[in-house]
Novice: 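One structure, pasted below without further comment.
Because the structure is a prediction, the values reported are computed rather than measured. Order of the sequence lines fixes the chain letters, A, B, ..., with proteins taken first and strands second; residue numbering starts at 1 for each chain.
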2 protein chains.
Amino acid sequence: MKKFLMQHGYRMTTVSDGTEMRKALRDWKIDLLILDIMLPGEDGFALCRDVRRTSKIPIIMLTAVGEDTDRILGLELGADDYLTKPFNPRELLARIRAIFRRAETGTSEIVENSSEKVRFGNWVLNLGSRELRDDDDVVVHLSTGEFSLLRALVKHNKRPLSRDQLVDIVRGQSSIPFDRSIDIQISRLRRKIEKDAKNPKLIKTVRGIGYQFCADVATV
Amino acid sequence: MKKFLMQHGYRMTTVSDGTEMRKALRDWKIDLLILDIMLPGEDGFALCRDVRRTSKIPIIMLTAVGEDTDRILGLELGADDYLTKPFNPRELLARIRAIFRRAETGTSEIVENSSEKVRFGNWVLNLGSRELRDDDDVVVHLSTGEFSLLRALVKHNKRPLSRDQLVDIVRGQSSIPFDRSIDIQISRLRRKIEKDAKNPKLIKTVRGIGYQFCADVATV
DNA sequence: GGTTTTTGTAACAATTTGAAGCATTCTGCG
DNA sequence: CGCAGAATGCTTCAAATTGTTACAAAAACC
């Protein structure tokens, strides 16, 4: 499902329980939640109600139980829609689109422009416009993959990330064994942002683990 | 059904075909439409699409055909929700409430009356008159498709949109595989609005995903 | 009916990306 | 220290993706 939706243009993060969900909601800008009812720990209803207490984020609930009461309970707890398993992926897609189309109409969201920027070393990375500038305002072109990788590293600043994690963030897939593509992207990125690519100060290798972004990062 | 919903506090008007529906929409302030698919004359899909052309009024579709394709078609034509007959009245009630909760801000508004203008880069785009002007008030002509595409991108500012989504917004269809028409339109649009079409600042490519409008957008 | 504009298809160019493979660095060990 | 083995760095190259041009079909306009 994650892969299917990513193929249709959505960025996805998958989590396995309520704790992870809350973390994801904190760490990422989440636009919509797809929530199963049967979960380890708190069930989907509890999570739905809990999320609704603080947020209006759209929620689609999945249920294997085709019972009316479940459906109604979900909707009354504030879910925006629900689907009964098994369902056609394209129907989920259609419902997601319907929700976003609906969301569009209500809010005049064009105004909000939190063009977030982060600063590190001699660089300023504009997360909105995907532009990397040095102190003299010279733009360094980053390819999609390079930007995506850099954003992931910066976001998880001072924390080593495994190749697996990076592939997952950047491409949304779990990596295959002996996947070296991240190494190559790191290499290309270093060539662009490190003063001395041989002595990286920003992106350091953590042998046996992966890579780690080492500079101080300040949001501007 | 009418009686049931009226008992729960809603005012209801029932009509028996498309002609009566249009009359009712003219004569009353309708907040929500419940639409069967099997109808004499034009079917529910046709009516749904027709209503959507001029109004954002929420639509719930009823279908006896439990087929996925029907559900999907309904949602893609702009319906907000659907129910398969036979259904539990309380579920219909729950879905109606869900829709109103979502809408919250208000009820059906006519789509095409906002002569709003938006500003980005050196441009001012008048969404009402469909005119694009630069800072010197020089009008740059946009074709229908170009305007539509630009509006979609601006509306979803700072968010990558897949080709699928763009085709869906611009042409209202889901795209066929290997559809490159969006790429061409993007190319034409860039030629018109980017200073350097080779180094786009406004419309950026997100490889593997689609395109993203990157400039800050302000409503004027 | 004829003309102009718009739009999509086909074809080719440019860019981005990852696999293969070798070079280099690191680690543990004798 | 030197060495083998493993992990990482990086070059080369082909595949995939995207950009763009030319042209024809379709639509709009007279």
Side-chain angles (χ1 to χ4, degrees), chain A residues 6-9 130 132 140-150 152-153 160-164 166-194 196-212, chain B residues 130 132 139-150 152-153 160-212 214:
Chain A
M6 292 193 76
Q7 282 168 352
H8 285 82
R130 314 178 137 241
L132 182 68
V140 171
H141 172 76
L142 296 180
S143 76
T144 306
E146 287 160 0
F147 170 78
S148 189
L149 179 57
L150 182 55
L153 288 165
L161 294 171
S162 71
R163 290 172 176 72
D164 251 22
L166 289 169
V167 169
D168 185 59
I169 295 172
V170 171
R171 293 216 302 274
Q173 304 163 10
S174 53
S175 64
I176 57 173
F178 309 114
D179 189 346
R180 302 290 311 283
S181 57
I182 285 295
D183 300 56
I184 300 173
Q185 287 291 49
I186 290 281
S187 167
R188 289 176 178 143
L189 203 44
R190 279 179 176 155
R191 212 175 310 162
K192 290 189 178 177
I193 70 173
E194 297 279 5
D196 175 10
K198 295 283 179 187
N199 274 349
K201 301 290 180 198
L202 302 172
I203 305 173
K204 295 209 172 155
T205 305
V206 186
R207 200 187 167 80
I209 306 286
Y211 299 95
Q212 175 176 356
Chain B
R130 307 167 81 92
L132 181 68
V139 175
V140 171
H141 172 76
L142 295 180
S143 77
T144 310
E146 286 161 358
F147 170 78
S148 188
L149 180 57
L150 181 55
L153 288 165
L161 295 172
S162 71
R163 290 173 177 71
D164 245 25
Q165 289 175 291
L166 289 168
V167 169
D168 184 58
I169 295 171
V170 172
R171 293 215 303 273
Q173 304 164 10
S174 55
S175 65
I176 57 174
F178 308 114
D179 190 346
R180 299 290 312 282
S181 57
I182 285 295
D183 300 56
I184 315 269
Q185 288 290 50
I186 289 281
S187 171
R188 288 174 178 144
L189 204 42
R190 277 180 178 154
R191 212 175 311 160
K192 290 188 179 178
I193 70 173
E194 296 278 4
K195 278 180 188 130
D196 175 10
K198 296 281 177 189
N199 271 353
K201 301 289 181 196
L202 302 173
I203 304 173
K204 294 210 175 160
T205 305
V206 186
R207 183 172 240 261
I209 306 284
Y211 299 95
Q212 173 178 350
C214 285

Novice: Quantified as the angle between the terminal helix axes (five pairs each), what is the overall bend of the helix from dG1(C)-dC30(D) to dG30(C)-dC1(D) to 10 degrees?
Specialist: 30°
Novice: Between C1' on dT17(C) and NZ on K192(A), what's the gap in Å once rounded to a whole number?
Specialist: 12 Å
Novice: Between the protein and nucleotides 25-29 of chain C, which nitrogen or oxygen pairs come in under 3.5 angstrom?
Specialist:
residue, atom, partner, partner atom, Å
dC26(C), O4', R207(A), NH1, 3.4
dC26(C), O2, R207(A), NH2, 3.3

Novice: dG8(C) C1' sits how many Å from D179(B) CG, rounded?
Specialist: 8 Å
Novice: Is the phosphate of dT5(C), meaning OP1 or OP2, less than 4.0 Å from a side-chain N or O of S143(B)?
Specialist: no
Novice: OP1 or OP2 of dT16(C) versus the side-chain N and O atoms of H141(A): is any pair under 4.0 Å?
Specialist: yes
Novice: Round to a whole Å and report the spacing from CD of Q185(B) to P of dG19(D).
Specialist: 14 Å
Novice: Nearest whole angstrom, please: distance from the P of dT6(C) to the CZ of R130(B).
Specialist: 13 Å
Novice: Nucleotides 10-13 of chain D: which of its N/O atoms have a protein N/O under 3.5 Å away?
Specialist:
residue, atom, partner, partner atom, Å
dC10(D), OP2, S187(A), OG, 3.3

Novice: Separation of L189(A) atom CG from dG18(C) atom P, in whole Å?
Specialist: 13 Å
Novice: Can a side chain N or O of T205(A) be found less than 4.0 Å away from OP1 or OP2 on dG9(D)?
Specialist: yes
Novice: How close do E194(A) and N199(A) get, counting heavy atoms only, and between which atoms?
Specialist: OE1-O, 4.5 Å
Novice: Which distance, rounded to the nearest 0.5 Å, do you find between the NZ of K195(B) and the CZ of R190(B)?
Specialist: 16.0 Å
Novice: Using a cut-off of strictly less than 4.0 Å, decide whether Y211(A) has a side-chain nitrogen or oxygen near OP1 or OP2 of dA7(D).
Specialist: no
Novice: Enter the distance from D196(A):CG to K201(A):NZ here, rounded to the nearest 0.5 Å.
Specialist: 8.0 Å
Novice: For residues 141-150 of chain B, dump all side-chain donor-acceptor pairs below 3.5 Å to protein atoms at least two apart in sequence or in another chain.
Specialist:
residue, atom, partner, partner atom, Å
S143(B), OG, E146(B), N, 3.3
E146(B), OE1, S143(B), N, 2.9
E146(B), OE1, K192(B), NZ, 2.7

Novice: Does R163(A) have a side-chain nitrogen or oxygen under 4.0 Å from the phosphate oxygens OP1 or OP2 of dT8(D)?
Specialist: yes
Novice: I want to confirm an ordering. Mapping E146(A) and G145(B) to their closest nucleotides on DNA chain C, which one lands closer to the 5' end?
Specialist: G145(B)
Novice: Looking at every non-hydrogen atom in both residues, tell me the closest pair between L161(A) and A152(A) and how far apart they are.
Specialist: CD1-O, 4.0 Å
Novice: Run the side chain to side chain contact (heavy atoms under 4.5 Å, CB included) test on Y211(B) and Q185(B) for me, step by step, so that the C-alpha distance in whole Å, both residues' side-chain angles and the decisive distance to 0.1 Å come before the verdict.
Specialist: CA-CA 12 Å; Y211(B) 299 95; Q185(B) 288 290 50; over 6 Å; no
Novice: Evaluate the side-chain proximity of V140(B) to I193(B): yes if any heavy-atom separation is below 4.5 Å, no if none is.
Specialist: no
Novice: Measuring from atom CD of Q212(B) to atom CD1 of I203(B), what distance do you get when rounded to the nearest 0.5 angstrom?
Specialist: 11.5 Å
Novice: May I ask you to test the R163(B)-I186(B) pair for a side-chain heavy-atom distance under 4.5 Å?
Specialist: no
Novice: Check the distance between dT17(C)'s C1' and L149(A)'s CG and give it to me in whole angstrom.
Specialist: 13 Å
Novice: What is the distance, rounded to the nearest whole Å, between atom CZ of F178(A) and atom P of dT8(D)?
Specialist: 13 Å
Novice: List for me each residue that meets salt bridge (Lys or Arg N to Asp or Glu O under 4.0 Å) alongside R180(B), sequence neighbours excluded, and say none if there are none.
Specialist: D183(B)
Novice: As an exercise, state the distance from CG of D164(B) to CD1 of I209(B), rounded to the nearest 0.5 Å.
Specialist: 11.5 Å
Novice: Whole-Å distance between dT17(C) C1' and F147(A) CZ?
Specialist: 18 Å
Novice: Which heavy atom of P200(A) sits nearest a heavy atom of A197(A), and at what distance?
Specialist: CD-O, 3.7 Å
Novice: Listing time: all N or O pairs from protein to nucleotides 25-30 of chain D that are below 3.5 Å?
Specialist:
none

